[in-house]
Amino acid sequence: MRDGLFWRLFSAILAVVTVTVALFTAILLTTQRTQAQENYETEVRMQARQVAEYMQQLNQLNLIKSNATLQWLVNEKIVEIYDTYNADIWLVNFSSGRLQYIDRSWNTSEGLATESVIEQLNLILAGNEIRTSGLFPELGDHIVTIGVPWTYADGRVVGAVLLHIPNDQLRVSLLSVLPQAALPIGVSMLLGVLLAFFIARSQTLPIREIDSAVREFSKGDLSRRVELHCGGELERLGNSINRMAGELSSLEESRRSFVANVSHELRSPMTSIKGYVQAMLDGTIGDEDRPRYLQVVLDETNRLTDLVRDLLDLSRLESGKFPMEIAPFDANEMMRRILIRFEQRIDEKHIDVDVEFADDPCFALGDVNRITQVVSNFVDNAVKFMNGEDSRLTLRTLREDRRIRFRVQDNGPGISPADQPHILERFYKADKAHTAGMGTGLGLSICKNILQQHNSAIEMCSRPGETVFEFTLPAADPAARASQEESRQRTLADGRQQLQERRPAAPEDAKQDKPEA
């Protein structure tokens, strides 16, 4: 297509090349014209010098008329100069004390000396060559006079040879030097066209490759890759597109896996609920067994509720629409409340609990509700996987410079090395053989997202007999917590006062006795 990128780029480069060649041509022609004009003028000057060499054999200008041979030689040279260059030759003798001129027709004259002529002849007498215009007004202002010294064999200057040539005759036209520049101009233009073609092609081929790959991506084929080896920005762009395609492919695979996992997690409890309800409606389950199966239905309903809640939390966290209320809180107090919440389950499994707090109180900076959710998930997993009499759960808070470290440690069976790289993925469950009662598989993924919004991360270490989950938060100054609480109480007091001021006052006669019936 003529309106495509290739043609636009080709036309632009070709225009630049054409302008460049045109400027180069103008400079080249001007230079050659100047050089040719200088060469031509030098050639004309050489003719005057040759006449001066002929005249070196004479002692007086009048002798030229008595010497037929010399007269013939000089005459032939003067005629040759006139026919070739359209120039007149004057011979000037001032050795006798007066100026004598002889022109091309051998006409002799004396005394034609103006002040400017005398000045120029004195320069020649001093051994210099001259070039001037309009020296003799009777010849015209357009006549250029070139003068060279006429000397004897002993080097004494006795006269001058004046060559008069029209100024137009010395000028060299551009057309006269154009044939010499035609070849380099043509070669330059051809190279420019080829250069424009290859540059435009080298720039449009990668773009076509990128366009083809993006079209394949839009059709859903994320396996396509951009193959570029041109270097520079376009190759880096191609590599970026390939990385984008890889990430999109990974996201698509994650999406499919997510949909499949959600479908499975929803289908299992709904199938159980439907089956038990249908059996009770059909009378398959007797009245005496109904409470037990209704409890199963309730458990499955709670499982569905937890799944939906976790999905909503995860969605809001990943979309950034789950605002965090960052404020100082007592980390040790939070740990105690979590232990109280799990007290019944811990007692049922006979788990020993160790609590190790570095400072009390120990203030950290974060969203206390979200951090409670994170630590509760760690404790829940630890309690869930411990079943021995010697089970031990350890909760610790450590101050590390300007950060507070939270640690939940247990001596359970640990997480297998094969499961550890995937333990934070959505719907991943380490215990695949006993999924019932093992949760939704979203807890650790939610914890990871919560800590990411706190600029922190889950640190995990697990081996048989020991599993540790920990993370850090910035330490907070207790005075900041007291100041915040004081500000909150002051705000509440101001709010109550404003409500009282806005409440309309009761009229004095508002309380009236009701009339008796």
Side-chain angles (χ1 to χ4, degrees), residues 1-46 85-86 131 133 142 144 165-252:
M1 297 188 303
R2 294 291 177 177
D3 59 342
L5 177 62
F6 171 81
W7 289 107
R8 293 199 300 271
L9 190 59
F10 175 75
S11 301
I13 298 175
L14 186 59
V16 173
V17 170
T18 303
V19 172
T20 304
V21 171
L23 292 175
F24 166 76
T25 302
I27 296 173
L28 178 63
L29 291 178
T30 303
T31 303
Q32 286 190 342
R33 177 189 177 185
T34 303
Q35 185 65 37
Q37 191 162 314
E38 291 177 356
N39 293 339
Y40 187 76
E41 188 166 329
T42 300
E43 182 180 339
V44 171
R45 191 182 296 270
M46 290 298 297
Y85 303 100
N86 192 25
R131 182 192 186 282
S133 298
H142 64 286
V144 175
I165 185 170
N167 191 28
D168 294 341
Q169 197 69 23
L170 288 175
R171 292 177 181 173
V172 178
S173 65
L174 290 175
L175 293 178
S176 62
V177 297
L178 184 59
Q180 303 175 11
L183 181 60
I185 292 172
V187 173
S188 300
M189 197 64 195
L190 178 61
L191 291 177
V193 172
L194 294 176
L195 180 66
F197 176 82
F198 284 111
I199 291 178
R201 187 171 178 269
S202 66
Q203 296 301 309
T204 54
L205 283 180
I207 295 177
R208 290 179 181 176
E209 171 67 14
I210 292 173
D211 177 68
S212 175
V214 172
R215 289 177 183 271
E216 295 297 325
F217 296 158
S218 66
K219 295 177 182 178
D221 182 12
L222 297 177
S223 62
R224 176 77 155 80
R225 290 295 179 267
V226 178
E227 298 293 338
L228 293 179
H229 305 285
C230 58
E233 290 80 359
L234 286 176
E235 184 170 346
R236 290 197 291 271
L237 176 61
N239 294 335
S240 298
I241 292 176
N242 288 337
R243 287 193 296 271
M244 179 193 69
E247 293 175 1
L248 288 176
S249 180
S250 177
L251 287 175
E252 178 64 16

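Side chains included, hydrogens not; waters and symmetry mates left out as well; all remaining heavy atoms used.
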Quiz item: Minimum heavy-atom separation for I165 to V44, with atom names?
Solution: CD1-CG2, 4.2 Å
Quiz item: What is the distance from atom CG of N239 to atom CE of M244, rounded to the nearest 0.5 Å?
Solution: 12.5 Å
Exercise. Write down the atom of N86, the atom of P166, and the distance for their closest heavy-atom approach.
Key: O-CD, 3.3 Å
Practice problem: Nearest 0.5 Å please: distance from the CG atom of L237 over to the CG atom of N242. | Solution: 9.5 Å
Practice problem: Could you pull out all residues at least two apart from S133 that satisfy side-chain contact (heavy atoms from CB on, under 4.5 Å)? | Solution: V144
Quiz item: Any side-chain donor paired with an acceptor under 3.5 Å for Q35 and N39?
Solution: yes
Exercise. Go through the side-chain N and O atoms of R243 and S240 and say whether any donor and acceptor fall under 3.5 Å apart.
Key: yes
